Amino acid sequence: MRKRIKGIAVLATAAAAAVVLAGCSGGGQAGNSSSAVAESSLKSTGWTVADRADVKDGGSITLPIDTAPANFQINNLDSGTVDDQAISGTYLPSFIQFKENGEWEANKDFATSVELTKDSPQTVEIKINPKAVWSDGTPISAKDVIANWKALNGTNKAFAPLATNVWEDVDSVKQGSDERDVIMTFSKTNADWASVLGTIYPYWAVDTPEHFNTAWAKGPYAADGKTYVSGGPYIVKSFDANGGVLTFEKNPKWWGDEGKLDTIVFKTVSRDGVAQAYGNKELDAFNLNGSADNLKTANSRSDSKIERSLGTTQRQITLNGTSDVFKDQDVRQAFAQAINRKVLAQAILSPVKSPGDVLNNLTYLPGQEGYQDDVSSVYGYSTDKAKSKLEDAGWKVGSDGYATKGGKELDVRFVIPSDNPNSANVAQLVQQQTKLAGFKVTIDTVPSDDFFTKYITTDGRDFDATYFAWQGTPFPISSLKSIYYPADAGQNYTGVTDDSLGAAWDKANAELDPDARIKDAQAIDKKIVAVAGTIPLFAEPYAWGVRKDLVNYGPAQFQQYSVKWQDVGYTK
């Protein structure tokens with residue numbers, strides 16, 4: 001599933017990778033020179049890799065988040081940010097893990113095997129590690145997987161998850177030979193079947209719509225609703241909801257390698273204050289987020305390094321196709337044509353010396369097999385063409401430079417979160433650029449905590465245009481569906497779609513031949529580009545400031561989904 005991330009946009013995966021060397025490798029001091037880093041020099045995983053034997057026992061790591069989880073059930077409509085996803089990896093089971101090149105394998109801490117055992121009907125068998133237990137002593141079992149499937153397959157509308165991708169194609173989930181044996185049988189073949197095995201909740205947190213929506217609203221609780229529970233190497237020690245600080249300690253019931261760190265702290269820090277907090281040694285790593293000042297601050301700290309990697313971040317502008325101003329597809333396309341996306345890319349990436357070109361595909365990233373330019377022909381930058389398209393749609397540009405129709409001005413309300421310089425920068429550039437075509441853009445800055453809960457929602461859509469990011473997964477095709485189809489999908493903030501996309505996704509997801517599936521995905525991409533609800537800007541490489549002795553954590557393209565928190569720590 002794609003995940004939202006404030007102020008940026010994240011998408012599919014790029015197929016570039018480098019071999020992870022034994023001992024310590026990666027990282028480096030890239031960023032101290034005056035020239036930009038070449039994209040070809042970036043690895044898929046940018047953090048410094050170290051063997052457990054080389055990592056100190058003890059210590060703590062403090063990491064910044066934009067906001068604390070609105071709900072610890074990250075499939076809930078109020079949740080699903082990248083911060084939520086990162087936090088969940090410390091305490092939720094995952095039956096699969098990703099290698100540096102994006103390929104997956106069984107996560108032996110949780111599953112001894114994960115296998116496709118039959119093609120027709122498609123059947124998957126999961127052998128759960130017999131040692132795996134929730135911290136209250138309850139076994140991690142088929143009962144949990146069955147409950148997750150029932151909550152997320154879309155048949156019971158009362159659950160209302162963010163997305164039903166893949167789960168909706170599962171006909172049954174049953175216990176096999178014992179409670180640790182899970183048999184999944186599909187009603188439709190789905191090539192990305194493994195994508196739903198990355199986050200598993202205990203049955204009591206998802207067995208009813210009420211539990212799904214509220215049981216973990218304030219924290220990951222055991223069945224008693226009072227004590228914290230974990231199925232991973234760390235467990236919540238304390239949660240200061242008012243201060244936005246979440247502290248984890250070692251899970252005493254963890255059966256795998258013991259965590260190296262004593263505590264992991266996620267601390268809410270505003271985007272405009274995160275660099276100073278890092279400079280003051282209040283944080284141990286942070287994303288530079290396209291800020292030259294952040295890069296300068298990170299480089300000025302004596303025990304700091306700059307780590308870089310390829311990314312899965314698609315920065316994009318989302319248009320509300322249900323609003324009066326953007327209900328016309330031609331007007332949406334005209335707005336996209338009026339934006340010089342190259343200027344926006346340079347504004348965000350050049351300050352931290354990151355490479356990056358305009359993104360011209362909504363499914364694949366540059367360098368990934370299947371990537372092609374589907375965007376330029378539809379809304380490549382041209383103020384004149386944008387103005388002509390508006391005029392063809394019945395709008396007339398007046399002497400003040402703004403278009404009107406039926407006495408109504410073409411006023412676009414661009415909603416952005418507070419304390420986010422990148423969002424403000426992009427909104428101001430869009431305001432300046434689109435004015436030349438006749439659009440009047442009014443920037444509305446709202447509290448960050450309310451951005452995804454009150455404004456950028458699928459039930460209210462209190463915006464005309466906005467800027468945020470999609471966090472992609474190594475399964476770009478199936479994970480894309482809930483963003484673009486149907487119009488009322490849990491992640492479709494545009495509120496518009498192409499009705500033929502349902503059949504198109506059915507075809508693509510059922511295609512097991514990789515080459516044929518790419519062609520299916522390219523056909524899908526052309527359709528969603530034409531809808532013009534999402535304007536792709538650029539794919540963002542990651543650039544982080546990181547404490548020099550921190551290992552096994554940092555920027556990564558694919559392995560960000562499979563951080564082994566028990567191995568994260570500081571070198572001896």
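Note that this is a predicted model, so its numbers are computed, not measured. Computed over heavy atoms, backbone and side chain alike; hydrogens, waters and symmetry mates excluded.
- Every residue was checked against the salt bridge (charged side-chain N to carboxylate O under 4.0 Å, His left out) condition with K396, not counting sequence neighbours, and none meets it.
- Qualifying side-chain hydrogen bond (donor to acceptor under 3.5 Å, both in side chains) partners for D444, counting only residues two or more places apart in sequence or in other chains: R413.
- Not counting sequence neighbours, the partners of F159 by the ring pair (Phe, Tyr, Trp, His ring centres under 6.0 Å) test are F212.
- Applying the salt bridge (charged side-chain N to carboxylate O under 4.0 Å, His left out) rule to K440 yields the partners E409; only residues at least two apart in sequence or on another chain are considered.
- Partners of K435 under the salt bridge (charged side-chain N to carboxylate O under 4.0 Å, His left out) rule, at least two apart in sequence or in another chain, do not exist in this structure.
- Screening residues 413-448 for ring pair (Phe, Tyr, Trp, His ring centres under 6.0 Å) gives F335-F439 as the qualifying pairs, with residues at least two apart or on separate chains.
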Can you list, pair by pair, the side-chain donor-acceptor contacts under 3.5 Å of residues 373-387, counting residues two or more places apart and other chains?
unit_1	atom_1	unit_2	atom_2	d
D373	OD1	V375	N	3.0
D373	OD1	S376	N	3.0
D373	OD1	S376	OG	3.3
D373	OD2	S376	OG	2.7
D374	OD1	Q372	NE2	3.0
D374	OD2	N361	ND2	3.4
Y379	OH	T534	O	3.2
S382	OG	K385	N	3.1

Legend entry - Trace of the side-chain contact (heavy atoms from CB on, under 4.5 Å) decision for Y485 with I528: CA-CA 9 Å; Y485 181 86; I528 58 180; over 6 Å; no
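- Within the structure, side chain to side chain donor-acceptor pair (under 3.5 Å) pairs that include any residue of residues 507-519 comprise D192-R517, K507-D520, N509-R517 (at least two apart or interchain).
- The six-membered or imidazole ring of F452 lies near that of F468, with a centre-to-centre distance under 6.0 Å.
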Inset, instruction - Given side-chain contact (heavy atoms from CB on, under 4.5 Å), test I477 with Y364 step by step and report yes or no. - result: CA-CA 9 Å; I477 300 174; Y364 296 109; 3.6 Å; yes
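- Proximity of the aromatic rings of F98 and F558 is defined here by a centroid distance below 6.0 angstrom, and this criterion is not met.
- Residues that satisfy the side-chain hydrogen bond (donor to acceptor under 3.5 Å, both in side chains) test with E168, not counting sequence neighbours, are T164, K481.
- Applying the salt bridge (charged side-chain N to carboxylate O under 4.0 Å, His left out) criterion to K454, with sequence neighbours excluded, gives D450.
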Legend entry - Verdict with supporting geometry, W149 and T155, side-chain contact (heavy atoms from CB on, under 4.5 Å): CA-CA 10 Å; W149 164 63; T155 57; over 6 Å; no
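- Of the candidates F186, W104, W167, F475, W104 is the only one forming a ring pair (Phe, Tyr, Trp, His ring centres under 6.0 Å) with W193.
- Here D324 pairs with K408 under the side-chain hydrogen bond (donor to acceptor under 3.5 Å, both in side chains) rule; sequence neighbours left out.
- Remark: D498 engages S500 in a side-chain hydrogen bond (donor to acceptor under 3.5 Å, both in side chains) (not counting sequence neighbours).
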